[in-house]
Amino acid sequence: MKIYTYPIQGEETRTHYPETREDLAAFWDWFNAAPPIIGADIESTSLSVFSRGFDVRVVSFGDAYDSWVIRSDRFNAVAAQALQDRRKRFAFHNGFGFDLPALAYHQYADLDDLAERIIDTRILAHLLDPRPVWQGGQGLALKQLADILVDETAPDTSEDLHKIFREEYGATKKSGAGWRLIDIDHPTYVLYSGLDAILVYRVLMEISPTIRALGLGPLAKREHELATVVARQHMRGMLIDVDYTKQLVEDLHREEEAQAARAKRYGVDNVNSPPQVRAALLAMGETWTEKTDGGELSTAGDVLRPMADLDRNWDRVNYREPNPLADAVLRSKRAGKWRVSYAEAFLADRDVNDRIHPMISTLQARTARMAVSKPPLQQLPASDWTIRRAIIADPGHLMISADYKQIEFRVIAANADVVKMKEAIARDESIHEFTAKLLFGENYPKWKYKISKNTGFSKAYGGGIARIAFTSGVPFEEAKKVVDAYNSVFPEIDRYSKQLQRKARFGAKEVITPSGRRLPLDGHRLYAALNYETQSTARDILAGGILRVDKAGLGDHILLPVHDELLGQAPADEAADVIREVSRLMETDYRGVHIGADYEVLGPSWGHGADFGMPR
DNA sequence: ACGATCACG
DNA sequence: ACGTACGTGATCGTG
């Protein structure tokens with residue numbers, strides 16, 4: 001047995017690395033006598049749990065002073081036996097996002113059995129302060145928490161290992177090859193694996209009293225339940241239509257190249273280069289004023305689309321002669337984005353069964369909104385069916401979907417007690433149509449519907465008249481009239497927003513939502529308080545829906561949450577019944593306001609939904 | 001590494 | 001005192 005020592009908070013810790021079967025007896029002595037909750041961490045060959053070649057390399061366990069690094073190549077049964085020991089619970093950092101799926105998929109433990117015994121320090125940290133460092137928070141990585149809660153001189157294990165990967169194994173951080181190349185006996189690798197288990201244990205010891213003191217225990221429990229349900233969705237993944245997707249890659253590539261060739265005629269060699277596009281448009285005599293944050297003239301879509309005589313839906317406006325360069329740049333970039341970020345990502349990320357397993361981070365945004373990555377399925381183009389068509393239901397199944405109706409407006413109506421909005425909701429009337437009617441009378445033109453809808457969103461986000469005018473494409477004066485009318489019809493929204501800001505100015509710099517969630521505010525952006533509370537409450541309502549659907553036994557049908565929607569699948573002959581029931585379970589009442597849901601059987605693929613305009 | 005851009009709700 | 005559109009993930013070009 002090798003033993004590596006390292007000081008944490010001025011005290012010596014010992015990392016044990018058993019090499020023989022005899023060494024394991026000492027491990028079991030320690031394990032049996034260890035506290036009922038112990039720290040744990042795994043190291044693996046890569047982050048792609050479901051790819052060919054993925055392997056758990058070591059499983060580490062630790063308390064405040066001792067850790068044990070169990071190598072899987074020799075002792076995987078030992079690691080499994082320890083993880084399956086029902087007397088023990090394990091603190092993992094981001095355990096639901098990575099360690100649990102990895103250990104369950106590679107048969108170290110049953111997912112549900114282990115999930116019940118995991119405490120995820122990332123979840124606890126997010127409840128205390130959800131912000132990354134760049135937003136003024138402590139950050140949510142283990143190193144960042146350990147710096148503040150344990151010992152700021154503790155090594156940045158991940159960063160230091162990358163240095164070794166580069167210097168000793170010639171592997172870049174991006175490739176991640178170091179994780180599988182590094183010698184399993186490498187002293188730093190072993191030591192750091194053990195230290196992470198010690199650090200996660202110590203972080204837990206520091207953080208859990210605070211969670212209890214702030215009354216966040218019940219919320220923490222609920223987030224662990226949600227993370228378990230979502231970990232099952234991650235494991236389940238969803239099927240890719242590989243033949244369709246390969247054809248799609250080709251088609252997008254052809255469009256990308258054809259439009260790039262058009263752009264080249266106007267001197268733009270690379271459509272993805274803002275400086276080139278800017279210079280060429282200026283040379284063509286275009287003039288505009290929108291700037292980037294860096295102070296340069298912007299070449300974003302919002303600027304180029306009007307030049308190409310296109311609206312935000314890419315429909316012709318017939319306001320001017322389209323600038324052919326702007327048009328070509330827009331189209332080439334869109335095809336490239338769709339090809340690389342979606343179609344090719346589906347093919348690259350799929351497992352041996354042609355399933356993708358998006359990472360679903362249940363607590364990501366400051367508002368606790370969930371995020372989906374690898375691939376980013378919450379951001380698939382909705383204006384067109386072609387990308388979503390690549391995601392298909394299992395054989396004999398159909399894709400199904402249920403979504404909350406105008407959830408953020410209903411939350412605002414409830415929180416701010418917006419009388420007229422609540423009346424419209426009670427009649428189950430579309431809020432945007434209702435608003436347009438109140439503002440412009442019964443027979444309003446389409447553009448007035450758009451601007452009233454836009455005004456509603458802008459108010460909810462804390463936007464001003466200038467922003468509303470820009471996003472609606474109307475003059476400032478026109479937007480001001482609409483905003484004034486909106487405020488006189490729904491005066492409660494401004495009043496409530498100002499009240500939230502007053503409270504923030506004179507009290508704690510955070511919003512506490514009805515779920516008890518603490519949302520820190522930025523002093524110079526107090527106007528965001530209304531949106532934070534609204535977005536976060538809507539997220540918690542969706543979380544409640546997910547948990548109810550799961551408890552009712554329909555969890556196996558759910559594939560993915562998308563902010564206000566649950567995407568799922570069911571055998572063709574049950575699909576209509578299943579999604580009706582899912583939708584019924586999602587519906588709830590919030591402060592006396594009904595949060596209703598719509599539902600739909602999409603068809604054999606995600607792209608078959610009526611909203612995506614697929615010819616059927 | 002960072003800014004700009006673009007995809008979603 | 002005033003006014004501020006919110007939240008993400010991913011890729012690309014540039015320095």
Side-chain angles (χ1 to χ4, degrees), chain A residues 130-132 134-135 173-174 269-278 290-305 312 329-330 332-345 348-349 358-361 363-384 387-388 403-404 406-409 412 454-472 479 483 497-498 501 505 519 521-536 538-539 542 560-565 611-612:
Chain A
R131 295 171 300 175
W134 70 268
Q135 285 182 13
K173 186 169 182 173
K174 197 171 184 301
D269 285 333
N270 188 340
V271 294
N272 287 317
S273 166
Q276 284 184 31
V277 173
R278 184 166 52 234
E290 288 80 13
K291 300 275 179 64
T292 68
D293 290 341
E296 302 284 0
L297 278 177
S298 167
T299 55
D302 283 340
V303 174
L304 267 57
R305 270 191 297 270
R312 295 173 77 85
V329 167
L330 283 165
S332 180
K333 282 175 76 174
R334 179 167 71 168
K337 165 116 184 158
W338 289 17
R339 175 174 66 85
V340 176
S341 295
Y342 308 123
E344 288 182 349
D349 291 352
M359 302 253 304
I360 308 165
S361 177
L363 283 170
Q364 185 64 31
R366 179 192 304 217
T367 56
R369 252 197 179 189
M370 297 181 230
V372 173
S373 60
K374 297 176 185 178
L377 291 196
Q378 288 186 325
Q379 288 122 283
L380 301 194
S383 60
D384 183 288
I387 297 291
R388 292 178 187 234
D403 66 305
Y404 286 115
Q406 304 149 331
I407 184 166
E408 296 202 354
F409 284 95
I412 288 184
N454 208 300
T455 302
F457 276 113
S458 299
K459 296 294 291 183
Y461 292 150
I465 296 164
R467 174 56 74 168
I468 293 169
F470 178 63
T471 50
S472 306
V483 172
S497 174
K498 291 206 172 95
Q501 296 179 57
R505 207 170 287 119
L519 309 176
L521 292 167
D522 305 324
H524 60 293
R525 292 168 67 252
L526 294 183
Y527 65 90
L530 174 70
N531 181 251
Y532 286 172
E533 182 186 65
T534 310
Q535 191 180 101
S536 187
R539 178 278 187 195
L542 178 68
L560 191 77
V562 191
H563 302 311
D564 63 352
E565 170 188 0
D611 284 353
F612 309 125

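Throughout, protein chains are lettered first and strands after them, A, B, ... in sequence-line order, and every chain is numbered starting at 1.
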- [ ] Could you tell me the separation between the CG atom of L304(A) and the P atom of dC6(B), rounded to a whole number of Å?
- [x] 7 Å
Task: Salt bridge R369(A)-E408(A), side-chain N to carboxylate O under 4.0 Å - done: yes
TODO: Could you work out which one of dT5(B), dA7(B), dT4(C) sits closest to the side chain of Y527(A)?
DONE: dT4(C)
Task: Under 4.0 angstrom between Q378(A) side-chain N/O and dA10(C) OP1 or OP2 - done: no
Open item on the list: Show the nearest heavy-atom pair for residues R312(A) and D302(A), with the distance to one decimal.
Closed with: NH1-OD1, 3.0 Å
Open item on the list: What's T471(A) touching, base or sugar-phosphate or nothing? Going by heavy atoms closer than 4.0 Å.
Closed with: base
- [ ] Indicate whether OP1 or OP2 belonging to dG13(C) is found under 4.0 Å from a side-chain N or O atom of N270(A).
- [x] yes
- [ ] Could you check which of dA10(C), dG9(C), dA7(B) has an atom nearest any side-chain atom of K374(A)?
- [x] dA10(C)
- [ ] Decide, yes or no, whether a salt bridge links D522(A) with R366(A) under the criterion of side-chain N to carboxylate O below 4.0 Å.
- [x] yes
TODO: Write down the distance between CZ (F612(A)) and P (dC8(B)), rounded to a whole number of angstrom.
DONE: 10 Å
TODO: Provide the Watson-Crick or G-U wobble partner of dG15(C), both distances under 3.5 Å; none if there is no partner.
DONE: none
TODO: Measure from the side chain of A382(A), starting at C-beta and using heavy atoms only, and say which of dG9(C), dC6(C), dC8(B) lies closest.
DONE: dC8(B)
Open item on the list: Please tell me whether Y527(A) and Y461(A) form a close aromatic pair, meaning their ring centres lie under 6.0 Å apart.
Closed with: no
Open item on the list: Checking side-chain contact (heavy atoms from CB on, under 4.5 Å) between V372(A) and each of M359(A), Q379(A), Q378(A), H563(A), which is the one that passes?
Closed with: Q378(A)
Task: Separation of dC8(B) C1' from R312(A) CZ (nearest whole Å) - done: 13 Å
Task: Among dG9(C), dT5(B), dA5(C), the nucleotide that comes nearest once only the side chain of Q364(A) is considered - done: dG9(C)
Task: Euclidean distance, atom CD of residue Q135(A) to atom P of dC6(C) [Å, nearest integer] - done: 11 Å
Task: Heavy-atom donor-acceptor pair, R539(A) side-chain to dG7(C) base, under 3.5 Å - done: no
Task: dA7(B) OP1/OP2 closer than 4.0 Å to side-chain N/O of Y342(A) - done: no
Task: Gap between atoms CZ and P, on R525(A) and dT4(C) respectively (whole Å) - done: 14 Å
TODO: Between dA10(C), dT8(C), dT11(C), spot the one nearest the side chain of V340(A), thanks.
DONE: dT11(C)
Task: OP1 or OP2 of dT14(C) under 4.0 Å from side-chain N/O of S273(A) - done: yes
TODO: State which of dG7(C), dT4(C), dG9(C) makes the closest approach to the side chain of Q535(A).
DONE: dG7(C)
- [ ] Let me know the distance between NZ of K174(A) and P of dA10(C), rounded to the nearest Å.
- [x] 12 Å
Task: Closest to the T367(A) side chain, choosing from dG9(C), dG7(C), dT5(B) - done: dG7(C)
- [ ] Among dT11(C), dC8(B), dT5(B), find the nucleotide with the atom closest to the side chain of S341(A).
- [x] dT11(C)
- [ ] Would you indicate what R339(A) reaches in the nucleic acid, counting non-hydrogen atoms under 4.0 angstrom: base, sugar-phosphate, or nothing?
- [x] nothing
Open item on the list: Counting only side-chain nitrogens and oxygens, does Q379(A) get under 4.0 Å of the OP1 or OP2 atom of dC6(B)?
Closed with: no
Open item on the list: Using the P atom as the point on both nucleotides, what is the distance between dG9(B) and dA5(C), in whole Å?
Closed with: 22 Å
TODO: Please check the phosphate of dT5(B) (OP1 and OP2 only) for any side-chain N or O of T292(A) closer than 4.0 Å.
DONE: no
TODO: Write down the distance between CD (Q276(A)) and P (dG13(C)), rounded to a whole number of angstrom.
DONE: 9 Å
TODO: From the options dC6(C), dT8(C), dG9(B), select the nucleotide whose nearest atom is closest to the side chain of A528(A).
DONE: dC6(C)
Open item on the list: Just to be sure I understand the rule, does K333(A) reach a base, reach only the sugar-phosphate, or reach nothing, if contact means heavy atoms closer than 4.0 Å?
Closed with: sugar-phosphate
Task: Nearest atoms (heavy-atom pairs only) where F612(A) meets A382(A) - done: CD2-O, 3.6 Å
TODO: Report the base-pairing partner of dA1(C) (Watson-Crick or G-U wobble, both distances below 3.5 angstrom), or none.
DONE: none
Task: Protein-nucleotide distance (I387(A), atom CD1; dT11(C), atom P), rounded to Å - done: 13 Å
